[in-house]
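Quick caveat, the model's predicted, so the values are computed rather than measured. Letters go in sequence order (proteins before strands), and every chain restarts at 1.
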Amino acid sequence: MYQAPRGTKDILPQEQAYWRYVEAKASAICQLCGYERIDTPAFEDAGLFTRSVGQGTDIVDKEMYTFQDRGGGKMALTPEGTAPVCRAYIEHGLSNKPQPVRLYYLTSIFRYGRPQAGRYRQHYQFGLEAIGDADPALDAEVIDMARQFYLSLGLEGFSLQLNSIGCKICRPAYLDSLTSYYADRTSHLCPDCRRRLERNPLRLLDCKRPSCQEVAEATPRSIDHLCSGCERHWQRLKAYLALLDLPHEVNHRLVRGLDYYTRTVFEVQIGEGAQSALGGGGRYDDLIEELGGKPTPAIGFAAGMERIILNLKKQGVPVPALSQPEVFVAYAGDKAKEAAIKLMAGLRQAEMATIAALGDKSLKAQLRQANALGVGRVVIVGEEEAARDTVVLRDMASGQQREVPSRSLVAELKSVSL
RNA sequence: GUGAGCGUAGCCCAGAGGUCUAAGGCGCCAGGUUGUGGCCCUGGAGAUCGAGGGUUCAAAUCCCUCCGCUCACCCCA
């Protein structure tokens with residue numbers, strides 16, 4: 001027997017209400033803020049990600065789905081959403097549009113790793129990117145959208161963590177002070193962290209081991225090492241967030257797993273545990289240039305759909321039911337079946353969602369099905385009605401029914417009561 | 001990728017070496033009115049007990065391998 005590949009999942013009809021709900025909220029907040037939808041391919045040239053996300057990051061080094069296509073090119077299933085959008089921005093000359101260009105997407109993300117609840121090899125992200133301006137007001141806009149998005153979903157108890165990790169001017173000096181701080185304390189570090197000290201010192205900050213956390217307590221803070229430009233950006237961002245009454249915690253240990261971030265980084269967290277990151281983002285002022293475009297500052301945000309839905313369920317947030325058929329056509333007898341098929345076509349023509357059991361079930365079975373589907377009204381045709389060119393119209397809630405001429409059926413159904 | 005727990009019909013689950021030709025509930029199908037749902041009653045279908053191998057006279061029950069899920073790491077959404 002075949003199973004869905006490890007870490008992938010079928011989204012069955014019964015789950016769809018959650019997905020449609022989250023998508024609707026995502027689109028709504030974007031529409032409200034003037035962000036336009038963009039869809040990019042499910043796979044890209046692998047180099048796009050090694051260059052942007054960065055060699056040495058886990059995403060690129062051990063989580064990317066790469067393959068060679070028949071033309072010999074090395075491709076990768078998209079492991080994150082930002083780089084493809086930047087590629088599209090450059091490729092299609094979006095720098096010629098009024099800046100910043102505001103875009104959003106709902107897309108599949110692929111990462112190879114050991115799956116867990118709320119963590120998949122193929123998962124879905126809602127993301128948005130504002131490309132083309134370095135104004136911290138734009139950071140505030142994006143962060144506020146993230147917050148408004150979660151609020152509009154009805155989620156509670158999430159927090160916003162914020163940090164600034166500087167830019168290519170000030171970060172080297174910060175990393176120096178970080179490494180020299182840790183260099184004196186290597187004996188207190190876990191083996192992983194000793195490796196991080198060599199490869200990616202920023203990551204030392206978010207190690208979860210208690211012993212390493214103790215060492216990290218007194219660690220130099222990136223916001224104390226910002227250059228004048230970054231410092232000004234940081235101060236103004238905090239002022240804008242205050243202006244918006246946007247609650248947040250400055251978290252000196254917040255760093256993110258992609259190399260392209262500069263200045264602002266933020267993360268939305270909910271509850272405790274490993275899958276507590278609901279979404280995150282940050283500024284990436286060097287990325288477009290790195291990918292071959294003109295120097296272009298930008299900021300973005302992405303949220304994981306599965307984790308949102310997980311938390312909607314956990315918190316018992318009600319989501320609106322998907323629309324279902326309003327009319328069920330039942331029949332008894334061959335002549336009646338033909339009449340029913342024509343009736344159903346007519347109802348659909350009149351834009352009334354209509355369903356029939358079809359197959360050769362008893363009338364009883366058909367009614368049972370109509371009931372199970374929760375369809376409010378049933379049109380019943382028997383041999384006698386077919387001969388008379390009438391139908392029986394039954395209201396399932398009240399159990400009342402009456403005979404009406406076939407040609408006035410649509411009008412009857414559209415008038416509210418029976 | 002590392003470590004641990006789990007895996008019985010579509011779903012929830014009983015069973016812990018022979019009494020299992022695997023029980024129950026939900027759901028599904030049909031009948032209880034020869035043209036009518038929801039409640040109730042009756043019956044039925046549906047499980048090579050995750051897969052493969054082994055131990056044993058005997059395996060859903062013990063062992064191994066694989067697959068999958070879950071949890072903690074790693075990392076992130």
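- Atom-to-atom, OH of A:Y261 to P of B:C75 comes out at 16 Å; the value is rounded to the nearest Å.
- In this structure, CG of A:D395 is placed 14 Å from C1' of B:U36, rounded to the nearest angstrom.
- Counting heavy atoms from C-beta outward, A:Y331 and A:E383 have side chains that stay 4.5 Å or more apart.
- Side-chain atoms of A:K361 lie closest to B:A30 of the nucleotides B:A30, B:A72, B:A77.
- A:R37 and A:Y104 share no side-chain donor-acceptor pair at under 3.5 Å.
- Between the CZ atom of A:F110 and the C1' atom of B:C75 there is a distance of 19 Å, given to the nearest Å.
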Show which side-chain atoms of residues 10-18 of chain A pair as donor or acceptor with protein atoms under 3.5 Å away, not counting sequence neighbours.
residue, atom, partner, partner atom, Å
A:E15, OE1, A:K313, NZ, 2.8
A:E15, OE2, A:K313, NZ, 3.1
A:Q16, OE1, A:R20, NH1, 2.6
A:Q16, NE2, A:I11, O, 3.0

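- Across all strands, A:F126 comes closer than 4.0 Å to no nucleic acid atom at all (heavy-atom distances).
- When the ring pair (Phe, Tyr, Trp, His ring centres under 6.0 Å) test is applied to A:H123, no partner is found at least two apart in sequence or on another chain.
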Scan nucleotides 1-5 of chain B against the protein and return all N/O pairs shorter than 3.5 Å with their distances rounded to 0.1 Å.
residue, atom, partner, partner atom, Å
B:G3, O6, A:R114, NH1, 3.2

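- Between A:F43 and A:F67, the distance separating the two ring centers is shorter than 6.0 angstrom.
- Legend: side chain to side chain donor-acceptor pair (under 3.5 Å) pairs involving residues 106-115 of chain A, not counting sequence neighbours, sorted by first then second residue: A:S108-A:Q122.
- Residue A:Q3 places none of its side-chain N or O atoms closer than 4.0 Å to OP1 or OP2 of B:G50.
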Atom pairs and distances, donor-acceptor, side-chain atoms in residues 154-167 of chain A, under 3.5 Å, two or more places apart:
residue, atom, partner, partner atom, Å
A:S159, OG, A:Q161, NE2, 3.3
A:Q161, OE1, A:N251, ND2, 2.8
A:Q161, NE2, A:E249, OE1, 3.2
A:N163, ND2, A:N251, O, 3.3
A:N163, ND2, A:H252, O, 3.4
A:N163, ND2, A:L254, O, 3.0

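- Separating the CG atom of A:D10 from the C1' atom of B:G10 is a distance of 13 Å, rounded to the nearest angstrom.
- For A:Q401 against B:U36, a side-chain-to-base donor-acceptor contact under 3.5 Å is present.
- Relative to the side chain of A:A372, the nucleotides B:U36, B:C28, B:A77 differ in distance, and B:C28 lies closest.
- Expressed to the nearest 0.5 Å, how far CG of A:L237 lies from NE2 of A:H248 amounts to 7.0 Å.
- Using a 4.0 Å heavy-atom cutoff across all strands shown, A:A365 reaches sugar-phosphate atoms only and no base atom.
- Taking each heavy atom of A:L94 and A:Q99 in turn, the nearest pair found is O-NE2, 3.0 Å.
- Residue pairs meeting the salt bridge (charged side-chain N to carboxylate O under 4.0 Å, His left out) criterion with at least one partner in residues 168-191 of chain A, sequence neighbours excluded, are A:K168-A:D286.
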Please enumerate all protein N or O atoms sitting under 3.5 Å from an N or O of nucleotides 38-46 of chain B, with distances to 0.1 Å.
residue, atom, partner, partner atom, Å
B:G38, O4', A:N371, ND2, 3.0

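- A:D259 and A:T57 form no side-chain donor-acceptor contact under 3.5 Å, judged by distance and modelled atom types alone.
- Atom CZ of A:R256 is separated from atom P of B:C75 by 13 Å (rounded to the nearest Å).
- A:W234 meets the ring pair (Phe, Tyr, Trp, His ring centres under 6.0 Å) test with no other residue; sequence neighbours excluded.
- When Watson-Crick and G-U wobble pairs are counted only if both distances are under 3.5 Å, B:A59 pairs with no nucleotide at all.
- Scanning residues 27-59 of chain A for heavy-atom distances under 4.0 Å to RNA chain B yields A:D58.
- Across residues 154-166 of chain A, not one residue has a non-hydrogen atom less than 4.0 Å from an atom of RNA chain B.
- A straight line from CG of A:L363 to C1' of B:U34 spans 13 Å, rounded to a whole angstrom.
- Taking the side chain of A:E385 as heavy atoms from C-beta on, and the options B:A77, B:G35, B:U70, the nearest nucleotide is B:G35.
- Rounding to whole angstrom units, CG of residue A:L278 and P of B:A77 are separated by 12 Å.
- Taking A:F126 as the reference, A:F149 meet the ring pair (Phe, Tyr, Trp, His ring centres under 6.0 Å) condition, with sequence neighbours excluded.
- Note: CG (A:L310) to C1' (B:U70) measures 13 Å, nearest angstrom.
- Side chain of A:R256 to main chain of A:V265: no donor-acceptor pair is present (N/O by atom type, distance under 3.5 Å, no hydrogens or angles).
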Under 3.5 Å, which donor-acceptor pairs do the side chains of residues 348-360 of chain A form with other protein atoms, sequence neighbours left out?
residue, atom, partner, partner atom, Å
A:R348, NE, A:T354, O, 3.2
A:R348, NH2, A:T354, O, 2.9
A:T354, OG1, A:M352, O, 2.8

